[in-house]
Amino acid sequence: MHFQWYPGHMTKAKRMMQEDMKLIDVVIELVDARVPLSSKNPDIDQLANNKYRVILLNKYDLADSAQTEKWKEYFEKQGYFVTMVNSKNGNGIRRVNDIVVTACKEKIERDRKRGILNRPLRAMVVGIPNVGKSTFINSIAGKAATKTGNKPGVTKGKQWIKLNKTIELLDTPGILWPKFEDQSVGLRLAFIGSIKEEILNIYELSIELIAFLSTHYKGCLNGRYGIEEQETAEGNLSAIAEKRACRLKGGELDLNKAAGFVTDDFRNGRLGNITLEFPPEVEETLTKAASELEDKI
Ligand code: G4P
């Protein structure tokens with residue numbers, strides 16, 4: 001399966017983000033807790049150079065909590081301020097204010113020394129499509145928030161959402177583009193539903209997903225569909241089709257229909273809490289980076 005992203009979108013998104021970056025102190029980056037690396041575009045590091053950085057592991061309600069903890073640690077070791085949120089039901093949203101303030105401690109201190117008190121921290125939300133940016137903004141803004149920035153009759157200019165005395169949030173998120181460094185990134189984004197269905201082969205996708213689940217989350221297919229787990233992913237899909245009575249008119253198994261069930265059940269958390277990629281050991285990464293550097297010298 002091959003994936004691509006359209007450069008036209010990318011250029012416009014990048015330009016808009018560069019403009020918005022000039023206005024803010026802290027970047028709140030949303031990633032999907034099920035695929036924290038594949039849903040993160042590393043180009044943001046360059047765009048957000050010299051900004052304070054917060055990472056929110058969103059949709060943690062769908063991910064494997066043990067792995068989410070490890071991802072939190074992984075990003076913290078890289079210097080980010082990290083927390084988990086479920087933007088859909090609001091869990092963890094309250095922690096975000098504190099984490100933003102902690103991330104900007106240095107700036108608050110600097111302002112205080114200069115006698116500047118109560119200057120709000122300005123933040124913006126960024127992330128690839130479908131990661132939950134709008135849901136998060138609605139959730140954190142809540143009903144109490146007031147919008148500031150636009151004077152009556154003036155349609156241009158930025159809208160800021162005043163979250164509290166300390167933080168103002170840009171009301172439009174920055175859209176990052178997915179970075180398909182290798183095909184496995186595209187595949188994981190397809191699993192979570194971040195790539196348009198029309199360009200996907202749902203049968204192939206479900207075969208890949210079933211293969212992953214059988215290796216890393218043994219028992220979850222049995223738990224959902226009551227099948228005896230088979231040796232191959234194809235065998236498992238057939239067993240699911242059988243159990244769910246997915247049949248074509250002539251009586252043959254309708255594997256595409258079963259494939260649709262599997263991907264849909266996964267995306268909606270009905271197969272359980274599942275993480276699709278695991279944090280590389282930070283030590284391992286650092287050692288590798290160090291030896292690469294040595295090679296270059
Ligand atoms: P975006 O702005 O980054 O593109 O994402 P958006 O907020 O539109 O969210 C994409 C989908 O992810 C939405 O589902 C939204 O409800 C869901 N979502 C966002 N945050 C969370 C979360 O923390 N947990 C879970 N489980 N889901 C989350 P949708 O199916 O497109 O819409 P809807 O059916 O929920 O209305």
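Each ligand, and each atom within it, is numbered from 1 in the order the structure gives.
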_Any N/O pair G132/ligand 1 closer than 3.5 Å_ =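 Yes, at least one N or O pair falls under 3.5 Å.
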Do any nitrogen or oxygen atoms of F136 come within less than 3.5 Å of a nitrogen or oxygen of ligand 1? no
Residue selection (non-hydrogen contact nearest [atom]) among [options]:
{"atom": "atom 7 (O) of ligand 1", "options": "D61, I192, T135, I128", "result": "T135"}
{"atom": "atom 20 (N) of ligand 1", "options": "N58, V85, N268", "result": "N58"}
{"atom": "atom 28 (C) of ligand 1", "options": "K59, K133, R267", "result": "K59"}
{"atom": "atom 10 (C) of ligand 1", "options": "I175, N138, L176, N130", "result": "N130"}

Name each donor-acceptor pair under 3.5 Å that joins a side chain in residues 253-260 to protein atoms two or more places apart or in another chain, with its distance.
unit_1: D254; atom_1: OD1; unit_2: N256; atom_2: N; d: 3.4
unit_1: D254; atom_1: OD1; unit_2: K257; atom_2: N; d: 3.2

- Task: Fit a plane to each ring of F278 and F212, take the angle between them on a 0 to 90° scale, and name the class: parallel (under 30°), tilted (30 to 60°) or perpendicular (over 60°).
- Result: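 If you compare the ring of F278 with that of F212, the planes turn out parallel.
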Taking the side chain as everything from C-beta on, heavy atoms only, tell me whether [X] gets closer than 4.5 Å to [Y].
{"X": "L23", "Y": "M124", "answer": "no"}
{"X": "E19", "Y": "K158", "answer": "no"}
{"X": "L37", "Y": "F75", "answer": "yes"}
{"X": "V262", "Y": "Y225", "answer": "yes"}

Protein heavy atoms: any of them under 4.0 Å from [atom]?
{"atom": "atom 31 (O) of ligand 1", "answer": "no"}
{"atom": "atom 2 (O) of ligand 1", "answer": "yes"}
{"atom": "atom 14 (O) of ligand 1", "answer": "no"}
{"atom": "atom 34 (O) of ligand 1", "answer": "no"}

NZ/NE/NH1/NH2 to OD/OE distance under 4.0 Å, K218 and E229:
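Salt bridge absent between K218 and E229.
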- prompt: Can we say D43 and K179 salt-bridge, meaning some charged N sits less than 4.0 Å from an Asp/Glu carboxylate O?
  reply: yes
- Message: Between Q67 and D64, is there a side-chain donor-acceptor contact under 3.5 Å, judged purely by atom types and distance?
- Response: no
Taking only non-hydrogen atoms of S87 and a 4.0 Å limit, the atoms of ligand 1 in range are 20 (N), 22 (C), 23 (O)
Within the 4.0 Å heavy-atom cut-off, what L62 brings close to ligand 1 is side chain
Logged contact type for L30 with ligand 1, heavy-atom cut-off 4.0 Å, is neither
closest protein heavy atom to atom 27 (N) of ligand 1 is K88 CD, 3.4 Å
